[in-house]
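A short write-up of the structure that comes next.
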Amino acid sequence: VQLQASGGGLVQAGGSLRLSCTASGRASSTYNMGWFRQAPGKEREFVAAINWSGWITNYADAVKGRFTVSRDDAKSTAYLQMNSVKPEDTAVYYCGATSASVVNAKTYYAWGRGTQVTVSS
């Protein structure tokens, strides 16, 4: 499976942004999809994920209540709706595919190129 993330950009604190992750090469309904982020000088961290059926979602505590993950398998696309963004959300955001634990980056077998999100204060 090949993944392509998009939708990043510059946004003011308190604003919103929607990231997209489009898949190709394998039916998207057969794997879980997750979002991670990596800020300069920090390790990649889990942000949110949605399971293959779309029924189960997981969120990092730092984004609960502000971010929403969803998927549209008809479009082979997963989304990360980011609301009430904060400067500490600034990072490169990556989407990935896994058939196992969604919070462990090591289980992911495919990653999209990152998309930069910058939140200004």
Exercise for the section: Can you sort out the partners of S24 under side-chain contact (heavy atoms from CB on, under 4.5 Å), two or more places apart, ordered by chain and number? Expected result: Q2

Practice task
On the 0 to 90° scale, with breaks at 30° and 60°, tag the F67-Y93 ring pair as parallel, tilted or perpendicular.
Solution key: tilted

Handout entry: Residues D73 and K75 bridged, charged N to O under 4.0 Å
Key = no

Exercise for the section: Return each pair, listed once, that meets disulfide (SG to SG under 2.5 Å) where at least one residue sits in residues 40-111; pairs must be two or more places apart or across chains. Expected result: C21-C95

Problem - For K64, all residues meeting salt bridge (Lys or Arg N to Asp or Glu O under 4.0 Å), sequence neighbours excluded - result: D61

Completion exercise
Cluster membership besides Y79, Ile/Leu/Val/Met/Phe/Trp/Tyr side chains within less than 4.5 angstrom, sorted by chain and number, is none

Handout entry: Partners meeting side-chain hydrogen bond (donor to acceptor under 3.5 Å, both in side chains) with S53 (sequence neighbours left out)
Key = N51

Handout entry: Taking every non-hydrogen atom, the tightest pair across L19 and G8
Key = CD2-N, 3.6 Å

Problem - Partners passing side-chain hydrogen bond (donor to acceptor under 3.5 Å, both in side chains) against Q81 (at least two apart in sequence or in another chain) - result: N83

Handout entry: Nearest heavy atoms of A13 and S121, plus distance in Å
Key = CB-CA, 4.3 Å

Handout entry: All side-chain contact (heavy atoms from CB on, under 4.5 Å) counterparts of T57, not counting sequence neighbours
Key = I50, Y59, V69

Problem - Donor-acceptor pair between T98 and T107 side chains, under 3.5 angstrom - result: yes

Exercise for the section: For S120, check side-chain contact (heavy atoms from CB on, under 4.5 Å) against everything at least two apart and list the hits. Expected result: L10, Q12

Problem - Shortest non-hydrogen contact from L3 toward A110 - result: CD1-O, 3.7 Å

Handout entry: Validation row: W111, R44 side chains within 4.5 angstrom (heavy atoms)
Key = yes

Practice task
Determine the minimum heavy-atom distance between G112 and Y94, stating which atoms define it.
Solution key: O-CD2, 3.6 Å

Exercise for the section: May I have the step-by-step check of side-chain contact (heavy atoms from CB on, under 4.5 Å) for M82 and V119, ending in yes or no? Expected result: CA-CA 11 Å; M82 306 168 60; V119 182; 5.8 Å; no

Handout entry: Cation-pi, W52 ring and R71 (6.0 angstrom, 45 degrees)
Key = no

Problem - Connected via hydrophobic side-chain network under 4.5 Å: V92 and V63 - result: no

Problem - Spacing of OH belonging to Y31 relative to CE belonging to M33, to within rounding of 0.5 Å - result: 5.0 Å

Handout entry: Which residues share a side-chain hydrogen bond (donor to acceptor under 3.5 Å, both in side chains) with Q4, sequence neighbours left out
Key = none

Completion exercise
Hits for side-chain contact (heavy atoms from CB on, under 4.5 Å) against A49, two or more places apart or cross-chain, chain-then-number order -> F46, V102, Y108

Exercise for the section: Sequence neighbours left out, what pairs pass salt bridge (charged side-chain N to carboxylate O under 4.0 Å, His left out) with at least one residue falling in residues 88-114? Expected result: R37-D89, R66-D89

Problem - Under the side-chain hydrogen bond (donor to acceptor under 3.5 Å, both in side chains) test, residues paired with T22 that sit two or more places apart - result: T77

Problem - Point-to-point distance, once rounded to the nearest 0.5 Å, from CG of L80 to CZ of F36 - result: 12.0 Å

